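Remarks on the structure that follows.
Since this is a predicted model, take the numbers as computed values, not measurements. Values reported hereafter were calculated over all heavy atoms of this structure, with side chains retained and with hydrogens, waters and symmetry mates removed. Sequential numbering from 1 along the given sequence is applied to the chain's residues.
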Amino acid sequence: MIKFEKFTLDNGLRVIVHQDKSTPLACINTLYDVGARDENPEQTGFAHLFEHLMFGGSVNIPNFDEPLQRVGGENNAFTTNDITNYYLTLPSDNLETGFWLESDRMLSLAFSGKSLEVQRNVVIEEFKQRYLNQPYGDIWLLLRPLTFKVHPYMWDTIGKEISHIENAKMDDVKNFFKKFYTPANAVMVVAGNVELDNVKQLAEKYFGPIPKSESYKRNLPKEPEQTEARTLMVERDVPADAIYKAYHMCSRYDKEYYAVDLLSDILSQGNSSRLHNELIKEKKLFSEINAFVMGDMDKGLFLVSGKVTQGVSIKQADDGINALLEKFKAELVTENELRKVKNKSEATHVFGEVDVLNKATNLAISELMGDAEIINHETQKYSAVTAEEIKQQANIIFRNENCSTLYYKRKGS
C-alpha cells in the first residue's frame, strides 16, 4: 500500500506527496497530459521535440542541468503516444532547487532560435540513426499506419516524417507549448524523504504564481473496427526475416486490460511460455518471439513479434503463430499457468514499489487515469482475473480480420 496526500493549486496543478523516509533522496515527477496522439497530423513529432526543448533552458535558467548537478541531482524524460513525463532526483535537502527548475520551465521556457535549431538537429539525427539507419528501426513507422487509419496512434512519437520537424516554425512550437504545458494539464508527484507541509509551501511559492489557463479537452477520432486482415511486406538489409502481428485491443482504462496483460504473459513470459515452448523449442520456427500489450490510454494494440529461424519460410513461421493462437482460443489456460503469471505480476508490482522514482511515476499515471489510488488496487485486479476471461479476450482479439501483419524480409531471402 502506497500512502500519499493530494492537493490542487488554484491554477489547476495537481500535486501528490508520498513520504518515504527510507531514502535520503527526493524525486519530482512532472507528467504532462500530452503525447504524440495530440499532435496536428501535419506537424508530428512535436511532443518528442519538446522533451528535448524542455532541457534547453528557461528564461531565468539558461542551462537546466548545471544547477541540478551542482546539488547532486540528475534528471531525464520520456515521451509516449499518450504522455510526456519529466523527472528529477536529488538529495532531499536540496528539494527547493528542483521546484525552482521545474516551475521556471513550466512558466517561461526559453524559445530561442538557437535552442530550437540545436534540438531540431538532435531530433532529426535521432530519426535517422534510430529509425532509418538501424536494422528493424522503421518497424513502427510501417506498422502504425497499417493498423490505424483514423486515430492519431497512426504515427510514432518520433513523427511521421523528418520534414515535420525540419519545417517546425517558432510560432508552431510556442503554440504547442501554450496549449499543453500548463499547470492544469500536469500532475506533479513529490516523493521520497519529504514533508507534506514543506511541499505545499514550495508548490505555492514556485508554481502558485503561474497563471491559470484553460485545460485541454481531448477530442480524438475513434478508430473504426477493423473488418479485414491487412498485410505489408518489405525487404530490408537485416540479418533475419521477422514477423510483426498487431491486433486491436481494449484501452488501459478498460477492466478487460488486466486479463489481456496476463494473456500476453502466458504467451511469452519466460522459457516455459507457450510461444517459447512450441515455436522456439519444439518447432524451431523462431529464434526469438514475444507477445506484449502497448498499454495505450485509447484502444491500442496487442503485438506478437518474432525473428524467423534461418531456413524457415515466413509463411511457415506465420502459420505456426496462427495455429498456436487458434489452439489458445479453444481451451482454458491451466490453473498452474495462471497462478504463475499472477505471482510474477504481483512480484513486479511489489519490487516496483521499492524504487522511489518508480512510485512517483506510477502515482502520476494513476492520477492521470482518474485517481492516484488506482496504484493500490492493481494487484487485486490482476489477482481477480479468471481463465474464462482470458479465453474470452483471446477470442475477441485473435481474429484474422482484426490483425495487421508486417512481413519484414531479409534481402535475398
Side-chain angles (χ1 to χ4, degrees), residues 28-36 38-80 83-90 94 96-134 137 155-183 185-186 188 206-207 209-211 213 216:
I28 300 176
N29 188 101
T30 310
L31 183 153
Y32 289 94
D33 187 9
V34 55
D38 299 302
E39 295 162 347
N40 179 333
E42 304 306 315
Q43 293 178 321
T44 61
F46 272 47
H48 176 250
L49 174 63
F50 258 93
E51 181 194 316
H52 291 265
L53 281 171
M54 289 285 272
F55 293 102
S58 49
V59 170
N60 300 307
I61 305 162
N63 184 331
F64 186 89
D65 289 338
E66 193 181 311
L68 186 62
Q69 287 167 353
R70 232 186 277 143
V71 296
E74 55 185 29
N75 68 90
N76 215 325
F78 64 85
T79 310
T80 73
I83 61 170
T84 312
N85 196 64
Y86 300 85
Y87 52 92
L88 60 84
T89 54
L90 74 180
N94 300 321
E96 187 163 1
T97 301
F99 270 87
W100 171 58
L101 287 165
E102 285 294 354
S103 64
D104 201 60
R105 65 177 174 181
M106 184 188 282
L107 172 66
S108 49
L109 194 66
F111 288 105
S112 70
K114 182 186 177 188
S115 175
L116 176 58
E117 202 51 43
V118 167
Q119 299 308 331
R120 187 209 311 272
N121 289 334
V122 168
V123 172
I124 289 170
E125 197 54 38
E126 182 182 344
F127 200 123
K128 289 175 181 174
Q129 282 191 356
R130 287 184 55 195
Y131 294 81
L132 301 182
N133 300 330
Q134 190 167 297
W155 59 82
D156 200 52
T157 51
I158 197 70
K160 283 184 184 178
E161 51 189 70
I162 289 176
S163 66
H164 287 189
I165 296 301
E166 283 176 332
N167 299 329
K169 303 284 190 296
M170 183 63 79
D171 280 349
D172 300 329
V173 171
K174 283 183 176 177
N175 289 336
F176 193 85
F177 181 81
K178 190 177 173 185
K179 184 175 182 180
F180 296 111
Y181 287 80
T182 65
N185 204 47
M188 185 171 74
Y206 287 97
F207 287 90
I210 300 176
S213 61
Y216 166 62

Are any side-chain N or O atoms of Arg130 and backbone N or O atoms of Gly137, one a donor and one an acceptor, separated by less than 3.5 Å? no
On a heavy-atom basis, which atom in Thr157 and which in Thr79 lie closest, and how many Å separate them? CG2-O, 3.9 Å
Non-neighbouring partners of Asp38 that pass side chain to side chain donor-acceptor pair (under 3.5 Å), sequence neighbours left out: Tyr216, Arg218
Which distance, rounded to the nearest 0.5 Å, do you find between the CD1 of Ile162 and the OH of Tyr131? 11.5 Å
Specify whether Tyr86 and Tyr181 have parallel, tilted or perpendicular ring planes, treating 30° as the upper limit for parallel and 60° as the lower limit for perpendicular. perpendicular
Please answer whether the main-chain N or O of Ser58 pairs with a side-chain N or O of Asp104 as donor and acceptor at a distance below 3.5 Å. no
Less than 4.5 Å apart, side chain to side chain, heavy atoms only: is that true for Ile158 and Val123? yes
Counting distance only, does the side-chain N/O of Lys160 pair as donor-acceptor with the main-chain N or O of Pro41 below 3.5 Å? yes
Who are the salt bridge (Lys or Arg N to Asp or Glu O under 4.0 Å) partners of Glu102, not counting sequence neighbours? Arg105
Roughly how far, to the nearest 0.5 Å, is CD1 of Ile83 from CG of Leu31? 4.5 Å
Heavy-atom nearest pair, Ala47 first then Gly35, reads CB-C, 3.8 Å
Any donor-acceptor pair under 3.5 Å linking the side-chain atoms of Thr44 with those of His164? yes
More than 12 heavy atoms of other residues, nucleotides or ligands under 6.0 Å from CD of Glu74: yes or no? no
Residues in salt bridge (Lys or Arg N to Asp or Glu O under 4.0 Å) contact with Glu66, at least two apart in sequence or another chain: Arg70
Rounded to the nearest 0.5 Å, what separation is found between the CG atom of Leu101 and the CG atom of Asn75? 8.5 Å
Hey, is the main chain of Leu53 close enough, under 3.5 Å, to the side chain of Gln119 for a donor-acceptor pair? no
Return the OG1 to CE distance between Thr182 and Met106, rounded to the nearest 0.5 Å. 7.5 Å
So, taking the atom named CD1 in Ile61 and the one named CH2 in Trp100, what distance separates them when rounded to the nearest 0.5 Å? 4.0 Å
Give me the ring orientation class for Phe78 and Tyr87: parallel if the planes are under 30° apart, tilted from 30 to 60°, perpendicular past 60°. tilted
Which pair of non-hydrogen atoms, one from Tyr206 and one from Glu96, has the smallest distance, and what is that distance? OH-OE2, 2.6 Å
Short question: side chain of Ser163, backbone of Glu166 - any donor-acceptor pair under 3.5 Å? no
Roughly how far, to the nearest 0.5 Å, is CZ of Phe55 from CG of Leu109? 11.0 Å
Using modelled atom types and a 3.5 Å cut-off, is there a donor and acceptor pairing between side-chain atoms of Gln43 and backbone atoms of Ala168? no
Are Asn85 and Thr80 side-chain neighbours, meaning at least one heavy-atom pair lies under 4.5 Å? no
Leu90 and Asn94 have their tightest heavy-atom pair at CD1-O, 3.0 Å
Glu117/Lys114 ion pair, N-O < 4.0 Å: no
Can you find a heavy atom in the side chain of Glu161 that is under 4.5 Å from one in the side chain of Trp155? no
Side-chain touch Tyr32/Glu51, heavy atoms, less than 4.5 angstrom: no
Within a strict 4.5 Å, meaning less than it, do heavy atoms of the Val34 and Phe50 side chains meet? no
Shortest non-hydrogen contact from Asn167 toward Asp172: O-OD2, 4.4 Å
Any side-chain heavy-atom pair of Thr84 and Phe180 under 4.5 Å: no
Is a side-chain donor or acceptor of Asp33 paired with a backbone partner of Asn185 at a separation under 3.5 angstrom? no
Taking all non-hydrogen atoms of both residues into account, name the closest pair between Ser103 and Ile210 and its distance. O-CD1, 3.8 Å
